Amino acid sequence: MGKLPLGHGEKRKGEAMESSAFVYIGLTVITIALALYVDNRDFVPQRIAGGRSFGRPPGLQRRQAGNLTAEFAVYCLLAGVSACRIAVGNDYWVYRDNFKLIAQGRYVSSEFGFNLVVGWMQDLFGYDNYLPVFALFSLITVFFFVKALHDQGSNYAFSLFLLLTGGYYFNSLNSVRYYLALALAMYSMKYVLRGEYGKFLLWIAAGAAFHKSILLVLPVYLTAKFLARARLKKWHYAAGALLAASLIFGQELYRRIIFYFYPYYENSAFDNGDISYINIAKCGAVLILSLICYRKSLSEELINRFYFFLNLAGLVVYCCGSFIPEVSRVGYYMIVSQIFLLPRLLADMKKGWFRTLCYVGVIGAFTGYFVVLLYRMYDVDVRLLPYLNWIFN
């Protein structure tokens, strides 16, 4: 056969790349459809409160069994797509090279917990057998994402929709260590709400063994809980203003602290001072909706107030913290709370045209963001598309 014209070859490649995007689109549609069978409303308050409950009516037990079946199916699909990937993500082969260095006992900059697990997996499966390593981290990360939704998602399907279209799950196919830490941070929120601070500290310590940026949530989550319980006074507002001012005028001090822990970020491609306008818009929109729903959903509701102050903290970081390398990831520890806050706010609104408008607005905004995200997945600095897996490719 003669050589294909260059234009025809490029067209075929483009078609293949476009078709692989339907893996992510189909996964989103199917898992959300399964999640519609999950009715979590009667269980989430008890899971957040902690403790054991006895003597539940049989109807609730049957419903809980149905919920767990649907949630398990969601987990299997999400974990399967993630665990079976190969050459997906701009840092996939960088991780593979680091796996080899770890097995050789050479220095890598990743945390000790990550290095121990990678070394153990290569002892078990063989040197440079990297597919099981990626699969293990996928299974664990997706588990904590789904478990966080199970414990805190009062509208499970809506929260899952926000998790997927907000990019948290799909970006976890990149940056393996960070998104494991993010999933653990989501999961640990319930311990802050319960006041079980010892368990919270233990889970964050576990996360820090894989990505030490998670240590940031210790002061942030505890402060959010404090503010959620407090009757705000003038000094609270003054302290908040001082904090925001320190981010603007004390950037050099903050940068010294950051580069002490992450020296390789200084003057790197991540140290670019970009402002995340999309995340500012998301946080601002959630803030406006929260203020609209304040009297019914926030004035006396501890859980909603906790999520609200996390969103507010994210807004401050995105507005005043552009000097922070990878500021989007720093803010994600805070604004991931939107996954739980938005469904609770909208559910509390009075039925009518305005509530419908808000639902349409939120769903439309996140769907639009997801479409943009899909197009950006082809960028060389993202490379989440085309999707390849070791079963068929």
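Bear in mind the structure is a predicted one, so any value in this text is a computation, not a measurement. Position 1 is the first residue of the sequence; numbering continues from there.
- At distances below 3.5 Å, not a single donor-acceptor pair connects side-chain atoms of Arg177 with backbone N or O atoms of Ser110.
- Under the 3.5 Å distance criterion, the side-chain polar atoms of Tyr75 are left unmatched by any main-chain donor or acceptor of Phe145.
- Closest heavy-atom contact between Glu111 and Phe210: OE1-O, 2.9 Å.
- Applying the 6.0 Å contact sphere to CD1 of Ile278 captures no more than 12 heavy atoms from other residues, nucleotides or ligands.
- Put simply, SG on Cys293 and CZ on Arg355 are 10.0 Å apart, with the number rounded to the nearest 0.5 Å.
- A salt bridge links Lys147 with Asp151; the closest basic N to acidic carboxylate O contact falls under 4.0 Å.
- No donor-acceptor distance shorter than 3.5 angstrom exists from the side chain of Thr367 to the backbone of Gly364, with no hydrogens or angles considered.
- Phe226 and Trp235 have tilted rings, their planes meeting at an angle from 30° to 60° on a 0 to 90° scale.
- A ring-ring contact (aromatic ring centres under 6.0 Å, His included) with His211 is found for one member of Phe137, Phe112, Tyr178 and no other, namely Tyr178.
- Ile339 pairs with exactly one of Leu160, Leu162, Leu164 by the side chain to side chain contact (heavy atoms under 4.5 Å, CB included) rule, that one being Leu162.
- Here the shortest heavy-atom pairing between Cys358 and Leu289 reads SG-CD1, 4.0 Å.
- By the 30° and 60° cut-offs, the orientation of the rings of Tyr187 relative to Phe144 is perpendicular.
- Outside the 6.0 Å centre-distance limit, the rings of Phe370 and Tyr24 are not counted as a close aromatic pair.
- The number of heavy-atom neighbours closer than 6.0 Å to OH of Tyr197, taken from other residues, nucleotides and ligands shown, is above 12.
- The minimum heavy-atom distance linking Ser138 with Ser82 is given by the pair OG-OG, 2.8 Å.
- Centroid-to-centroid, the aromatic rings of Phe340 and Tyr307 come within less than 6.0 Å.
- Counting all heavy atoms, side chain and backbone alike, Gly314 lies closest to Ile335 at CA-CG2, 3.9 Å.
- The aromatic rings of Tyr130 and Phe134 lie perpendicular to each other, with more than 60° between the two planes, well past the 30° mark.
- A donor-acceptor pair under 3.5 Å links the side-chain atoms of Arg194 to the main chain of Arg47, judged by distance alone.
- Donor-acceptor pairing under 3.5 Å is lacking for the side chains of Ser337 and Asn311.
- Residues Phe114 and Asn98 have side chains not in contact (no heavy-atom distance under 4.5 Å, counting atoms from C-beta outward).
- Among all heavy-atom pairs drawn from Ile391 and Cys84, the shortest one is CD1-SG, 3.8 Å.
- When side chains are defined from C-beta on, Arg41 does not count as touching Asn155, because their heavy atoms never get closer than 4.5 Å.
- No salt bridge links Asp91 with Arg383; every basic N to acidic carboxylate O contact stays at or beyond 4.0 Å.
- Dense packing is recorded around CH2 of Trp93, with more than 12 heavy atoms of other residues, nucleotides or ligands lying under 6.0 Å away.
- Side-chain atoms of Ser213 and Tyr333 include a donor-acceptor pair closer than 3.5 Å.
- Of all the heavy atoms in Val217 and Ala185, the pair that sits closest is CG1-CB, 4.3 Å.
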